[in-house]
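Here the structure is laid out as structure tokens; the discussion comes afterwards.
Values in this document were obtained by computation on a predicted structure and should not be read as measured data. We number each residue from 1, following the sequence as shown. Excluded from the calculations below are hydrogen atoms, water molecules and symmetry mates; all remaining heavy atoms, backbone and side chain alike, are included.
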Amino acid sequence: MDNLLLAFGLTVFAGLSTGIGSALAFFTKKTNKKFLSLTLGFSAGVMIYVSMIEIFTKAQGALISELGEKVGSWITVISFFGGMFVIALIDKLIPSFENPHEIHTVEKARAPQDVKMDKENKSLMRMGVFTALAVAIHNFPEGFATLISAIKDPALGVSIAIAVAIHNIPEGIAVSIPVFYATGSRKKAFQYSFLSGLAEPVGAIVGYLLLAPIMTDMVFGIVFAAVGGIMVFISLDQLLPTAREYGEHHLSIYGLVMGMIVMAVSLLLFI
């Protein structure tokens with residue numbers, strides 16, 4: 001129960017970090033692109049390393065103990081790539097112009113306060129609403145991934161929650177800017193951004209309620225392997241491309257390596 005409460009708290013923290021992105025859009029004058037590039041790369045490094053080294057290994061161990069080495073290893077690999085397929089399908093169903101992983105900067109939020117809701121602004125409002133929905137859809141499996149990881153290993157869950165939180169900051173900016181342009185209201189822009197992040201804990205709760213009654217070592221192994229696949233796909237498809245858009249190519253890779261090193265050391269400290 002203690003692990004469950006901590007895990008849920010971590011998903012709330014990770015999800016609501018979209019609000020940090022929204023706040024940055026309105027209370028800073030300039031986007032620190034180099035810092036964002038470095039931190040997004042760092043987040044990708046954490047996710048990739050922990051997925052390939054820790055999550056995949058633990059999932060494989062659970063499945064081998066239940067199904068034997070050959071069958072367990074095959075199911076682990078199938079589940080891992082199955083997780084990638086699921087998140088790729090979700091991403092495919094979201095139109096590209098509404099995808100929250102396009103680059104957005106806080107300079108775009110320097111709009112006048114007396115904006116009228118004309119035809120163009122209605123289009124922007126629609127874009128903002130759909131971006132918020134897109135973020136919510138993406139955050140749903142991310143929340144579940146954070147929860148499952150934290151239940152199994154709280155230290156692992158903390159690392160993943162921090163990585164997901166960093167990932168969600170640019171998404172908060174992506175939601176806020178079109179809503180602000182359309183309405184001229186910082187309050188409304190922040191609300192949409194904040195609410196889109198709530199999908200993270202909601203995804204965690206729904207996933208837990210569905211799986212808790214049937215959670216065996218075999219089910220855990222399959223789900224955990226799929227979680228690893230989801231996080232690797234997010235890193236390769238979203239985090240690293242966004243990091244390169246915000247800053248220099250080398251900064252994103254430096255951040256990636258730093259994230260891997262920090263994750264590796266933190267895992268060794270908890271052995």
Side-chain angles (χ1 to χ4, degrees), residues 10-11 13-55 87 91 99-110 131 134-135 138-139 142-143 145-146 149-150 155-177 193 196-197 200 227-228 230-270:
L10 289 172
T11 61
F13 157 73
L16 298 187
S17 62
T18 53
I20 297 174
S22 183
L24 285 175
F26 302 127
F27 297 107
T28 59
K29 293 182 179 180
K30 188 176 180 181
T31 304
N32 190 334
K33 291 183 180 180
K34 289 185 176 181
F35 178 73
L36 269 177
S37 180
L38 195 67
T39 53
L40 286 169
F42 180 90
S43 179
V46 168
M47 284 190 172
I48 291 171
Y49 188 90
V50 79
S51 297
M52 301 296 291
I53 303 299
E54 185 77 358
I55 290 177
I87 194 68
D91 213 43
N99 198 304
H101 302 112
E102 303 297 324
I103 183 169
H104 294 269
T105 61
V106 300
E107 287 85 348
K108 292 181 181 178
R110 309 265 76 84
T131 301
V135 169
H138 279 84
N139 283 356
E142 289 172 15
T146 305
S149 303
L156 182 65
V158 169
S159 300
I160 292 172
I162 292 171
V164 171
I166 292 170
H167 161 49
N168 283 345
I169 289 173
E171 293 185 349
I173 297 173
V175 174
S176 297
I177 289 169
S193 174
S196 67
E200 202 114 341
V227 162
I230 287 171
M231 292 203 297
V232 169
F233 186 90
I234 288 170
S235 300
L236 298 178
D237 182 62
Q238 300 169 12
L239 291 180
L240 284 177
T242 306
R244 293 183 67 177
E245 285 289 326
Y246 272 110
E248 300 170 12
H249 161 69
H250 290 296
L251 280 177
S252 60
I253 301 303
Y254 296 155
L256 175 78
V257 174
M258 286 169 56
M260 287 184 168
I261 292 171
V262 169
M263 194 67 247
V265 171
S266 65
L267 289 174
L268 289 172
L269 289 175
F270 285 101

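- Residues satisfying the side-chain contact (heavy atoms from CB on, under 4.5 Å) test with F13, not counting sequence neighbours, are A161, I162, A165.
- Here the closest heavy-atom approach between residue I87 and residue I234 is recorded as CG1-CG1, 4.2 Å.
- Residues satisfying the side-chain contact (heavy atoms from CB on, under 4.5 Å) criterion with I53, sequence neighbours excluded, are Y49.
- Nearest heavy atoms, G15 versus E200: CA-CB, 3.4 Å.
- Considering all non-hydrogen atoms of both residues, S193 and S196 come closest at O-OG, 2.7 Å.
- Partners of A44 according to the side-chain contact (heavy atoms from CB on, under 4.5 Å) rule, which considers only residues two or more places apart in sequence or in another chain, are S235, L239, L240, L256.
- Of all non-hydrogen atoms in L10 and G157, the two that sit nearest each other are CD1-C, 3.7 Å.
- Considering only heavy atoms from C-beta on, I48 comes within 4.5 Å of L236 through its side chain.
- Within the 4.5 Å cutoff, the side chain of S159 has no heavy atoms near those of the V50 side chain.
- Counting heavy atoms from C-beta outward, I160 and I55 have side chains that approach closer than 4.5 Å.
- Taking both residues in full, the closest heavy atoms of V46 and G259 are given as CG2-O, 3.6 Å, listed atom of the first, atom of the second, then distance.
- M52 CE to M260 CE: the interatomic distance, rounded to the nearest 0.5 Å, is 9.0 Å.
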